[in-house]
S.K.: 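The following block contains the structure, expressed as structure tokens.
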Amino acid sequence: MTLPGQAVAECTLPLPATYRRADLLAFHARDPQGLAERVYADGLDKGLMWQGRPARLNLRFQEGAARLQLHVDGAAMETKADFRAWASRLLGLDQPVAVFEAALSTHPLLGPLIRACPELRIPQAATPFEALAWAIIGQQISLAAAITLRSRFIEACGRRRGELACFPDADAVLAVSAPRLTHAGLSRSKASTILAVAEGVRNGSLPLDDWWSHQAPPGMIRERLLAIRGIGPWTTDYTLLRGFGHPDASLHGDVAVRRGLQTLRALAEKPSAADTAAWLETFSPWRTLVAAHLWRLG
């Protein structure tokens, strides 16, 4: 039911028979408070900003398909056609999983992992900005601490759609002062970096959504992000992974990836980031998907 002053975009997308819905739900269930995401056995609800307006996504899995509805405050949306492409990306349906598995399923080390876990996809953030902000928040702290800090960041930005908080967009972040972000728990450097990214999005120097929709070269994205103070290789590769669904981001600095590689190769010690990068390089252009399987071991 559409309420007055509310627009709805919706689509139903067919899913592969072996689609791993539990992976997507687990990714969105990380926050035990359920502040911006509510996860159920058959789907999830998520608060987000859509074209500058608070919105609520309802995703429900059906037999062989996923039905998605986006409820947005305000007048009718002008770009409902964009919603289907966005929904497909959110579900990871545009990731080249079949080609990757065909290329490496007989590899002596990776083959058994791939065959044991077919159709493994990288769960995606709602937008590249969300992925980048999350990566900045999570720098050099534990996952549990990052989840808590993420919730406080969302609350500080103050956007809501009903009972769900909305992960902020760039304009919502820029409406918040740096002291308010640090009061929420962000370090001064993280607050400064997130504000710099948000300003870049607003002034057009970091057109993250355009880069996604036009499939901008990852090398260019990496170079532009690394030029921002407070953003390093891990943050950049995580953003390519979660925000752009790029299949060839090197997660060699990720501790879980390195632990997974240690297990896979039966090494006495965890390999260095440099050794991990060299090993992953042999699997280009599939390093992201290789890292996903190593995560399961780490």
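All heavy atoms count here, side chains included; hydrogens, waters and symmetry mates do not.
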S.K.: Glu155: which residues meet the salt bridge (Lys or Arg N to Asp or Glu O under 4.0 Å) condition with it, sequence neighbours left out?
M.R.: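 Applying salt bridge (Lys or Arg N to Asp or Glu O under 4.0 Å) to Glu155 gives none.
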S.K.: Ignoring hydrogens and geometry, is there a side-chain-to-backbone donor-acceptor pair from Thr239 to Thr235 under 3.5 Å?
M.R.: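 Yes, because the side chain of Thr239 sits within donor-acceptor range (under 3.5 Å) of the backbone of Thr235.
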S.K.: Could you check whether any side-chain heavy atom of Ser192 comes within less than 4.5 Å of a side-chain heavy atom of Arg229, counting everything from C-beta outward?
M.R.: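 With C-beta onward as the side chain, the pair stays apart.
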S.K.: With sequence neighbours excluded, tell me which residues meet salt bridge (Lys or Arg N to Asp or Glu O under 4.0 Å) with Glu119.
M.R.: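 Once residues adjacent in sequence are excluded, the partners of Glu119 under the salt bridge (Lys or Arg N to Asp or Glu O under 4.0 Å) criterion are Arg121.
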S.K.: Using the rule that two of Ile, Leu, Val, Met, Phe, Trp, Tyr join whenever any of their side-chain heavy atoms come within less than 4.5 Å, decide whether Leu226 and Ile194 are in one cluster.
M.R.: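 No, it is not one cluster - the side chains of Leu226 and Ile194 are not joined through contacts under 4.5 Å.
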S.K.: Quick one: salt bridge (Lys or Arg N to Asp or Glu O under 4.0 Å) partners of Asp45, sequence neighbours excluded?
M.R.: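 In terms of salt bridge (Lys or Arg N to Asp or Glu O under 4.0 Å), with neighbours along the sequence ignored, Asp45 is linked to Arg56, Arg60.
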S.K.: Can you list everything that forms a ring pair (Phe, Tyr, Trp, His ring centres under 6.0 Å) with Trp212? Sequence neighbours excluded, please.
M.R.: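 Trp212 satisfies ring pair (Phe, Tyr, Trp, His ring centres under 6.0 Å) with no other residue.
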S.K.: Got a second to check how far Ile137's CD1 is from Thr148's OG1, nearest 0.5 Å?
M.R.: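 So the CD1 of Ile137 and the OG1 of Thr148 are separated by 11.5 Å.
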S.K.: Looking at OG of Ser88 and CG of Leu93, how far apart are the two atoms once the value is rounded to the nearest 0.5 Å?
M.R.: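 Answer rounded to 0.5 Å: 4.5 Å.
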S.K.: When rounded to the nearest 0.5 angstrom, what is the spacing between CG in Asp82 and CG in Asp209?
M.R.: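 One gets 10.0 Å once the value is rounded to the nearest 0.5 Å.
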S.K.: Please determine whether residues Leu109 and Trp286 belong to a single hydrophobic cluster, defined as Ile, Leu, Val, Met, Phe, Trp and Tyr linked transitively by side-chain heavy-atom distances below 4.5 Å.
M.R.: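 Yes, Leu109 connects to Trp286 through the hydrophobic network.
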S.K.: Just verifying a value: how many Å separate Ile231 CD1 and Thr236 OG1, rounded to the nearest 0.5 Å?
M.R.: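 Atom-to-atom, Ile231:CD1 and Thr236:OG1 are 6.0 Å apart.
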S.K.: How about Ile122 and Pro247: do any of their side-chain heavy atoms sit closer than 4.5 Å?
M.R.: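 A side-chain contact under 4.5 Å is absent here.
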S.K.: Shared ILVMFWY cluster between Met49 and Val197, side chains joined below 4.5 angstrom?
M.R.: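 No, it is not one cluster - the side chains of Met49 and Val197 are not joined through contacts under 4.5 Å.
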S.K.: According to ring pair (Phe, Tyr, Trp, His ring centres under 6.0 Å), who are the partners of Phe153, at least two apart in sequence or on a separate chain?
M.R.: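 Listed in chain order: Phe167.
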S.K.: Looking at residues at least two apart in the chain, or sitting in another chain, which of them share a side chain to side chain donor-acceptor pair (under 3.5 Å) with Tyr238?
M.R.: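 Partners of Tyr238 by the side chain to side chain donor-acceptor pair (under 3.5 Å) criterion, ordered by chain and then number, come out as Trp134, Arg242.
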S.K.: Less than 4.5 Å apart, side chain to side chain, heavy atoms only: is that true for Trp50 and Leu57?
M.R.: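 A side-chain contact is absent here, since even the closest heavy-atom pair is not under 4.5 Å.
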S.K.: Between Phe27 and Arg30, is there a cation-pi geometry (under 6.0 Å to ring centre, at most 45° from the normal)?
M.R.: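 Here Arg30 passes the 6.0 Å and 45° test against Phe27.
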S.K.: Using only atom types and a distance under 3.5 Å, with no angle test, would you say the side chain of Asp248 pairs donor to acceptor with the backbone of Arg287?
M.R.: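 Yes.
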S.K.: Please confirm whether the backbone N or O of Leu280 pairs with a side-chain atom of Ser284, one donor and one acceptor, at under 3.5 Å?
M.R.: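 Not a single qualifying donor-acceptor pair exists.
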S.K.: Of all residues at least two apart in sequence or in a different chain, which pass the side-chain contact (heavy atoms from CB on, under 4.5 Å) check with Ala126?
M.R.: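 Result, side-chain contact (heavy atoms from CB on, under 4.5 Å) vs Ala126: Lys46, Leu48, Trp86, Glu130.
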S.K.: Atom CZ of residue position Arg115 - does it have more than 12 heavy atoms of other residues, nucleotides or ligands inside 6.0 Å?
M.R.: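 Yes - once you tally the heavy atoms of other residues, nucleotides and ligands closer than 6.0 Å, there are more than 12.
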S.K.: Is the closest side-chain heavy-atom distance between Val201 and Asp169 below 4.5 Å?
M.R.: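 Val201 vs Asp169: side chains apart.
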S.K.: Is the shortest side-chain heavy-atom distance between Cys117 and His293 below 4.5 Å?
M.R.: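 Yes, side chains in contact.
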S.K.: Report the distance from atom CG of Leu110 to atom CZ of Phe100, rounding to the nearest 0.5 Å.
M.R.: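 If I round to the nearest 0.5 Å, the distance is 6.5 Å.
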S.K.: Can you list everything that forms a side chain to side chain donor-acceptor pair (under 3.5 Å) with Gln69? Sequence neighbours excluded, please.
M.R.: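 For Gln69 the side chain to side chain donor-acceptor pair (under 3.5 Å) partners, ignoring immediate neighbours, are Glu10.
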S.K.: Suppose we screen for side chain to side chain donor-acceptor pair (under 3.5 Å). Which residues come up paired with Ser189, at least two apart in sequence or across chains?
M.R.: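 Here the qualifying residues are Ser187.
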S.K.: Do Trp234 and Trp279 belong to the same hydrophobic cluster, where Ile, Leu, Val, Met, Phe, Trp and Tyr are linked whenever their side-chain heavy atoms lie under 4.5 Å apart, directly or via other members?
M.R.: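 Yes, because Trp234 and Trp279 connect within a single hydrophobic cluster, where side-chain heavy atoms sit under 4.5 Å apart.
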S.K.: I need the minimum non-hydrogen distance between Leu25 and Ala41, along with the two atoms involved.
M.R.: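 The pair with the smallest heavy-atom distance is CD1-O, 4.0 Å.
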S.K.: Residues two or more places apart in sequence or in another chain: which of them pass ring pair (Phe, Tyr, Trp, His ring centres under 6.0 Å) with Tyr19?
M.R.: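 By the ring pair (Phe, Tyr, Trp, His ring centres under 6.0 Å) rule, Tyr19 matches no residue at all.
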S.K.: I'd like to know whether NE2 of His107 has more than 12 heavy-atom contacts from other residues, nucleotides or ligands below 6.0 angstrom.
M.R.: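 It does: His107 NE2 has more than 12 such atoms within range.
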S.K.: Of Leu264, Val257, Leu261, which is the lone residue that meets side-chain contact (heavy atoms from CB on, under 4.5 Å) with Leu297?
M.R.: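 Exactly one candidate clears the test, Leu264.
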S.K.: Indicate yes or no for a side-chain donor-acceptor contact from Gln139 to the backbone of Gly232 under 3.5 Å, with no hydrogens or angles considered.
M.R.: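 Checked: no pair found.
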S.K.: Going by heavy atoms in the side chains, are Leu208 and Thr127 under 4.5 Å from each other?
M.R.: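 In short, these two side chains do not touch, never coming nearer than 4.5 Å.
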S.K.: Would you confirm whether Thr263, through its side chain, and Arg259, through its main-chain N or O, come within 3.5 Å as a donor-acceptor pair?
M.R.: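 Side chain of Thr263 to backbone of Arg259, a donor-acceptor pair under 3.5 Å: yes, one is there.
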S.K.: Would you say the side-chain atoms of Gln124 pair up with the backbone N or O of Gly245, donor to acceptor, closer than 3.5 Å?
M.R.: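 Between the backbone of Gly245 and the side chain of Gln124 there is a qualifying donor-acceptor contact (under 3.5 Å).
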S.K.: Side chains of Leu289 and Leu120: closer than 4.5 Å at any heavy-atom pair?
M.R.: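 The answer is no; the side chains never approach within 4.5 Å.
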S.K.: How close do Arg258 and Ala273 get, counting heavy atoms only, and between which atoms?
M.R.: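 It is NE-N, 3.8 Å.
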S.K.: Measuring from atom CG of Leu225 to atom CD1 of Ile136, what distance do you get when rounded to the nearest 0.5 angstrom?
M.R.: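 The CG atom of Leu225 sits 8.5 Å away from the CD1 atom of Ile136.
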S.K.: List the residues meeting side chain to side chain donor-acceptor pair (under 3.5 Å) with Arg202, not counting sequence neighbours, and say none if there are none.
M.R.: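 In terms of side chain to side chain donor-acceptor pair (under 3.5 Å), with neighbours along the sequence ignored, Arg202 is linked to Glu199.
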S.K.: Could you pull out every donor-acceptor pair under 3.5 Å between side chains of residues 215-224 and any protein atom, sequence neighbours left out?
M.R.:
| from | atom 1 | to | atom 2 | distance (Å) |
| --- | --- | --- | --- | --- |
| Arg222 | NH2 | Asp237 | OD1 | 2.9 |
| Arg224 | NH2 | Ser205 | O | 2.4 |

S.K.: Would you say Arg67's side chain and Thr12's backbone share a donor-acceptor pair under 3.5 angstrom?
M.R.: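 Answer holds: no.
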S.K.: Quick check: does any side chain N or O of Thr288 sit under 3.5 Å from a backbone N or O of His246, one acting as donor and the other as acceptor?
M.R.: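 Yes, Thr288 side chain to His246 backbone: donor-acceptor pair under 3.5 Å.
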S.K.: Backbone N or O of Ala156 within a donor-acceptor pair of the Arg180 side chain at under 3.5 Å?
M.R.: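 Checking the backbone N and O of Ala156 against the side chain of Arg180, a donor-acceptor pair under 3.5 Å is found.
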S.K.: When you measure from the side chain of Thr182 to the backbone of Pro179, do you find a donor-acceptor pair of N or O atoms at a distance under 3.5 Å?
M.R.: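 Checking the backbone N and O of Pro179 against the side chain of Thr182, a donor-acceptor pair under 3.5 Å is found.
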S.K.: Given the rule that I, L, V, M, F, W and Y join up when any side-chain heavy atoms are under 4.5 Å apart, are Leu59 and Leu164 in one cluster?
M.R.: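 Each belongs to a different hydrophobic cluster.
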S.K.: Determine the minimum heavy-atom distance between Thr276 and Pro271, stating which atoms define it.
M.R.: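 Looks like OG1-CG, 3.6 Å.
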